[in-house]
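When a ligand or atom number is given, it counts from 1 through the structure's own listing order.
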Amino acid sequence: MPVALMTPPDVLIVGGGMIVHDQILPSLYHMQRQGQVAEIAVCASRHQTVRALADAEGLRRAFPGQQFDMYPESDAAGQQPELFRQRIADLPPRNLVVVAVPDQLHYEVVMEALGRDQHVLCVKPLVLKHSQAVRIAAEARRRQLLVAIEYHKRFDDRSLMARRRYREGSFGEFRLGTACLLEKWYYRHSNFQNWMTAEHSDAFTYIGCHYVDLVHFITGLLPVSVSVYGQLDRFPNGNQGYLWTDARVIWNNGACLNVQNALGFPDVAPGTNTQGLTMYCQGEADGALLAHSDQYRGLKYSYTAKPDGPGATIYAEPSPDYFQYVDLGGPGLVPAGYGYRSIEHIVTAAARVNAGDVNAGDAAQVLDEIDAAGILATPANSAYNEQVIEAARESIRNGGIEVRLVP
Ligand SMILES: NC(=O)c1ccc[n+]([C@@H]2O[C@H](COP(=O)([O-])OP(=O)(O)OC[C@H]3O[C@@H](n4cnc5c(N)ncnc54)[C@H](O)[C@@H]3O)[C@@H](O)[C@H]2O)c1
């Protein structure tokens, strides 16, 4: 359906941290600039958070003259962790709530949004328990609302190419795989130390879920058991976290994927992290191979001076593919990459559901199509991710035992 026929939604972002600054807000600003998003508001628990976001130099340069409504509006009331409820209630129904708070708060915010008849874009992982994903799927369907989980690696063209070729049979059958995603050491100093703690999360739950999701996205296979070995380490504030993890995921054809994750990639190393996926597959009379270097994308930059910012290096290997700003003649800069495309796809899908609504009853059909196509992750078509996470948490707490997923 052409975008022009759809009413642009108002968007309320709950949370104002790293992912909002780096990807979500600039993507929405760009859509607003193109008339595909109406008003944007951001609600954090402290005014200071939204103020810092509004003042962020990079965003101001890229989107001159654009603003969002800030909540809390001032410092006066201090910390307001429940304010998002009021802001969601004040949004007219069937607009869009973006959930970008720490993992363990997703469920509450998603359910609050659905209870007020809002479409939802939730950062990964949707929730930490499979039963919660099932409840979200049921509530969303009852109200004919879209809930989309923002697994942006799905919108990397290399993932889409791999999916198409795998499903055409070009790789035969997946047998053994290895994936890694290690974030830089300095992440330990960020707000993560307040919530990515051993009781709530671990390196696999936080970042490994991307590659579990991607293997399903490419192959259509489903995970059947998980074991995660984690090493307890300390954040700078003394909180304990499983900051180094090694996971083994067995799939329903017997294939095995190994995933290593950490907040431990050296700050002085080039690239914002290290990550990639290799899948060894079996054809009729030969092996087959799919290998993605997801960090090194062929660019080598050596600057005259080290740029500002944590993790910046004088020799860098930037990725042009996730999220970059390009100058297309202004005003401002234009976001490019799969980080942008992922947000755009979800916002457009929510608008499609609303357009379906106008033709009484078609919203359900649009939602069925989205679930069945499997390009967007929804609670109905990707709850295997929650099964894996729930099993992974049990495994890591028990020294890495194998935990079978409940079918
Ligand atoms: N690659 C990815 O897909 C990716 C990358 C980074 C983060 N994430 C996910 O995004 C979420 C947030 O991560 P982040 O990196 O932005 O973390 P962050 O710690 O930088 O930000 C968390 C934000 O949540 C806000 N918040 C906490 N409680 C709140 C409340 N009650 N009401 C309103 N706001 C509240 C905080 O103010 C903060 O702004 C996490 O679920 C994380 O797993 C996904």
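- Using a 4.0 angstrom heavy-atom cutoff, His106 counts as in contact with ligand 1.
- Ranking the protein heavy atoms by distance from atom 20 (O) of ligand 1 puts Met18 N, 3.0 Å first.
- In terms of N/O distances under 3.5 Å, ligand 1 is not approached by Leu105.
- Asn239 and Asn194 share no donor-acceptor pair across their side chains, judged by distance under 3.5 Å alone.
- Using the six-membered ring where Trp is involved, Tyr29 and Phe68 have ring planes that are tilted, between 30° and 60° apart.
- Nearest protein neighbour of atom 26 (N) of ligand 1, counting heavy atoms only, is Val101 CG1, 3.8 Å.
- Atom 17 (O) of ligand 1 has its closest protein heavy atom at Phe192 CE1, 3.7 Å.
- For the pair Asn191 and ligand 1, the shortest N or O to N or O distance falls below 3.5 Å.
- Residues Asp246 and Phe204 fail the side-chain proximity criterion, which asks for heavy atoms closer than 4.5 Å.
- Annotation: His210 places an N or O atom under 3.5 Å from an N or O atom of ligand 1; distance criterion only.
- Electrostatic pairing of Asp233 and Arg188 counts as a salt bridge here, judged by a charged N lying under 4.0 Å from a carboxylate O.
- Between the Gln231 side chain and the Trp244 main chain, no donor and acceptor come within less than 3.5 Å of each other.
- The local environment of CZ in Arg341 is crowded, with over 12 non-hydrogen atoms from other residues, nucleotides or ligands closer than 6.0 Å.
- There is no protein heavy atom less than 4.0 angstrom from atom 36 (C) of ligand 1.
- Ring geometry for Tyr151 against His210 counts as perpendicular: the plane angle is over 60°, on a 0 to 90° scale with 30° as the lower cut.
- For atom 43 (O) of ligand 1, the nearest non-hydrogen atom from the set Leu83, Ile13, Asp103, Ile19 belongs to Asp103.
- Relative orientation of the Phe192 and Trp195 rings is tilted, given thresholds of 30° and 60° on the angle between their planes.
- Around the CZ atom of Arg116, the shell of radius 6.0 Å holds no more than 12 heavy atoms that belong to other residues, nucleotides or ligands.
- In terms of polar-atom proximity, Pro102 is not counted as a contact of ligand 1, lacking any N or O under 3.5 Å from an N or O of the ligand.
- Looking at ligand 1, you won't find any N or O of Phe84 less than 3.5 Å from one of its N or O atoms.
- If you check which protein heavy atom lies closest to atom 10 (O) of ligand 1, you get Val123 CG2, 3.2 Å.
- Taking any N or O of Tyr206, backbone or side chain, none lies under 3.5 Å from an N or O belonging to ligand 1.
- Ligand 1 is approached by Trp195 to a heavy-atom distance shorter than 4.0 Å.
- Both cation-pi conditions hold for Arg163 and Phe217: the charged atom is under 6.0 angstrom from the six-membered ring centre and inside a 45 degree cone around its axis.
- Note: Tyr325 and Phe63 have perpendicular aromatic rings, judged against thresholds of 30 and 60 degrees for the angle between ring planes.
- Counting heavy atoms under 4.0 Å from ligand 1, residue Thr49 touches it through the side chain alone.
- Comparing heavy-atom distances from atom 23 (C) of ligand 1 across Gly17, Ser190, Pro81, Ser342 singles out Gly17 as nearest.
- Shown in contact with Lys124 at under 4.0 Å from a heavy atom are these atoms of ligand 1, numbered in order with element: 2 (C), 3 (O), 4 (C), 9 (C), 41 (O), 43 (O), 44 (C).
- Looking at Gly339, Gly16, Ser201, it is Gly16 that brings a heavy atom closest to atom 39 (O) of ligand 1.
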